[in-house]
There are 2 protein chains.
Amino acid sequence: MRKGVLEYCILSILSRKEAYASSIIDELKAANMIVVEGTLYPLLIRQKNQGLLSYRWEESTQGPPRKYYVITDKGREVLSEMDAAWQEMVSTIQTLRNHD
Amino acid sequence: MRKGVLEYCILSILSRKEAYASSIIDELKAANMIVVEGTLYPLLIRQKNQGLLSYRWEESTQGPPRKYYVITDKGREVLSEMDAAWQEMVSTIQTLRNHD
DNA sequence: TTTGAATACCTTGTATCACAAAGTACCAAA
DNA sequence: TTTGGTACTTTGTGATACAAGGTATTCAAA
């Protein structure tokens, strides 16, 4: 029953292109999903420690350097498992919800 | 970001007919959703304390008396809010997932 | 030159929640 | 009267999301 929707969203965003924390927060916000820094930073570190992400530093002209996260092959594997798990969850809820 | 999928499932099940904890677990299991007693009992108590559920005792021929939970009017209201929130979550994920 | 605003990263403390495990209690059949 | 099945409850632990605060860099304005 452990959900991990947020992890799913992060991997999903990073599967399209690399990004740094603040930009991920913006993208989530644009999708109506509120996440704060205190949630996201530890989560990125966790996913990196699990081998799902790597990162590189990049200078910015607008302030301090940015930590760009990149999804790994293992991250893509896990993402596709999460796709399946999410689809199953959606259809489970649908079953429960329309059961008569 | 706190979702409460499990709360949603419980209200959904109880919106069809009253039930006691063990039968709810069986129904969830039938829908491929594993939930254990130590999760469900506190959750039912929480929802009761929030006024979403009430309960009554009923004797059983098969063992100890059962605590049948019943959804309240407020519970039905919250359930319909959860319906909307769930639909929004599903479409948010879809947006993130298919964004290009 | 220093100050402040903007950007970005990180940490700490707290509350909640799902689970494992153990405990309590009732009943019927062997 | 003991055993097995059913049912409810509690306790302890780990994970996680959040609020709040802290550190550090850059640039522009005072």
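Below, read A as the first sequence line, B as the second, and so on, with proteins coming before strands; counting in each chain starts at 1. On a predicted model such as this, the values are computed, not experimentally measured, just so you know.
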A.B. asks: Output all residues satisfying side chain to side chain contact (heavy atoms under 4.5 Å, CB included) with B:Val36, sequence neighbours left out; order by chain, then residue number.
C.D. replies: B:Thr39

A.B. asks: Give the table of side-chain donor-acceptor pairs shorter than 3.5 Å for residues 21-32 of chain B, with sequence neighbours excluded, one pair per line with atom names and distance.
C.D. replies:
residue	atom	partner	partner atom	Å
B:Ser23	OG	B:Tyr20	N	3.1
B:Ser23	OG	B:Tyr20	O	2.6
B:Glu27	OE2	B:Arg16	NH2	2.5

A.B. asks: Dump the pairs, protein N or O against N or O of nucleotides 19-23 of chain D, anything under 3.5 Å, distances to one decimal.
C.D. replies:
none

A.B. asks: Which residues satisfy the salt bridge (Lys or Arg N to Asp or Glu O under 4.0 Å) test with A:Glu58, sequence neighbours excluded?
C.D. replies: A:Arg56

A.B. asks: Please list, chain by chain and in numerical order, all residues satisfying side chain to side chain contact (heavy atoms under 4.5 Å, CB included) with B:Ser15, sequence neighbours excluded.
C.D. replies: A:Arg97, B:Ile71, B:Arg76, B:Leu79

A.B. asks: State which residues pass side chain to side chain contact (heavy atoms under 4.5 Å, CB included) with B:Ser91; sequence neighbours excluded, sorted by chain then number.
C.D. replies: none

A.B. asks: Nearest whole angstrom, please: distance from the C1' of C:dC19 to the CZ of B:Arg46.
C.D. replies: 12 Å

A.B. asks: Does B:Tyr68 share a hydrophobic cluster with B:Ile45, counting links as ILVMFWY side-chain heavy atoms below 4.5 Å and allowing steps through other members?
C.D. replies: no

A.B. asks: Nearest whole Å is fine: how far is C:dA8 C1' from A:Leu44 CG?
C.D. replies: 13 Å

A.B. asks: Please tell me whether A:Val70 and A:Leu52 are part of a single hydrophobic cluster in this structure, the criterion being side-chain heavy atoms less than 4.5 Å apart.
C.D. replies: no

A.B. asks: Calculate the interatomic distance between B:Lys48 atom NZ and D:dC8 atom P; express it in whole Å.
C.D. replies: 14 Å

A.B. asks: Across nucleotides 24-30 of chain D, 5' to 3', mark each nucleotide with B, S or - according to how protein heavy atoms within less than 4.0 Å reach it.
C.D. replies: -BSS---

A.B. asks: Nearest-Å distance, CG (B:Leu40) to P (D:dT9)?
C.D. replies: 11 Å

A.B. asks: B:Val78 and B:Tyr8: side chain to side chain contact (heavy atoms under 4.5 Å, CB included), yes or no, with the steps?
C.D. replies: CA-CA 9 Å; B:Val78 169; B:Tyr8 182 34; over 6 Å; no

A.B. asks: Among C:dA8, C:dA18, D:dT9, which nucleotide sits nearest the side chain of B:Leu6?
C.D. replies: C:dA18

A.B. asks: When clusters are formed from ILVMFWY side-chain contacts under 4.5 Å, directly or step by step, what else is grouped with A:Tyr41?
C.D. replies: none

A.B. asks: Write down the distance between OH (B:Tyr55) and C1' (D:dA7), rounded to a whole number of angstrom.
C.D. replies: 15 Å

A.B. asks: What closest approach, in Å, do B:Cys9 and A:Leu96 show between heavy atoms, and which atom pair accounts for it?
C.D. replies: SG-CD1, 3.6 Å

A.B. asks: Would you say A:Tyr20 reaches C:dC9's phosphate, i.e. side-chain N/O to OP1/OP2 under 4.0 Å?
C.D. replies: no

A.B. asks: Filter on salt bridge (Lys or Arg N to Asp or Glu O under 4.0 Å), then keep only pairs touching residues 37-51 of chain B, sequence neighbours left out; what's left?
C.D. replies: B:Glu7-B:Arg46

A.B. asks: Mind calculating the distance between CD1 (B:Ile34) and C1' (C:dA18) to the nearest angstrom?
C.D. replies: 14 Å

A.B. asks: How far does the helix from C:dT1-D:dA30 to C:dA30-D:dT1 bend, going by the axes of its first and last five pairs, to the nearest 10°?
C.D. replies: 20°

A.B. asks: Could you check which of D:dT10, D:dC8, C:dC9 has an atom nearest any side-chain atom of A:Arg66?
C.D. replies: C:dC9

A.B. asks: By side chain to side chain contact (heavy atoms under 4.5 Å, CB included), which residues pair with B:Gln62, not counting sequence neighbours?
C.D. replies: B:Ser60, B:Arg66

A.B. asks: Please confirm whether the shortest side-chain N or O distance from A:Tyr41 to OP1 or OP2 of C:dC10 is below 4.0 Å.
C.D. replies: no

A.B. asks: Nearest whole Å is fine: how far is C:dT16 P from B:Ile45 CD1?
C.D. replies: 16 Å

A.B. asks: How long is the line joining CG of A:Leu43 and P of C:dT11, in whole Å?
C.D. replies: 14 Å

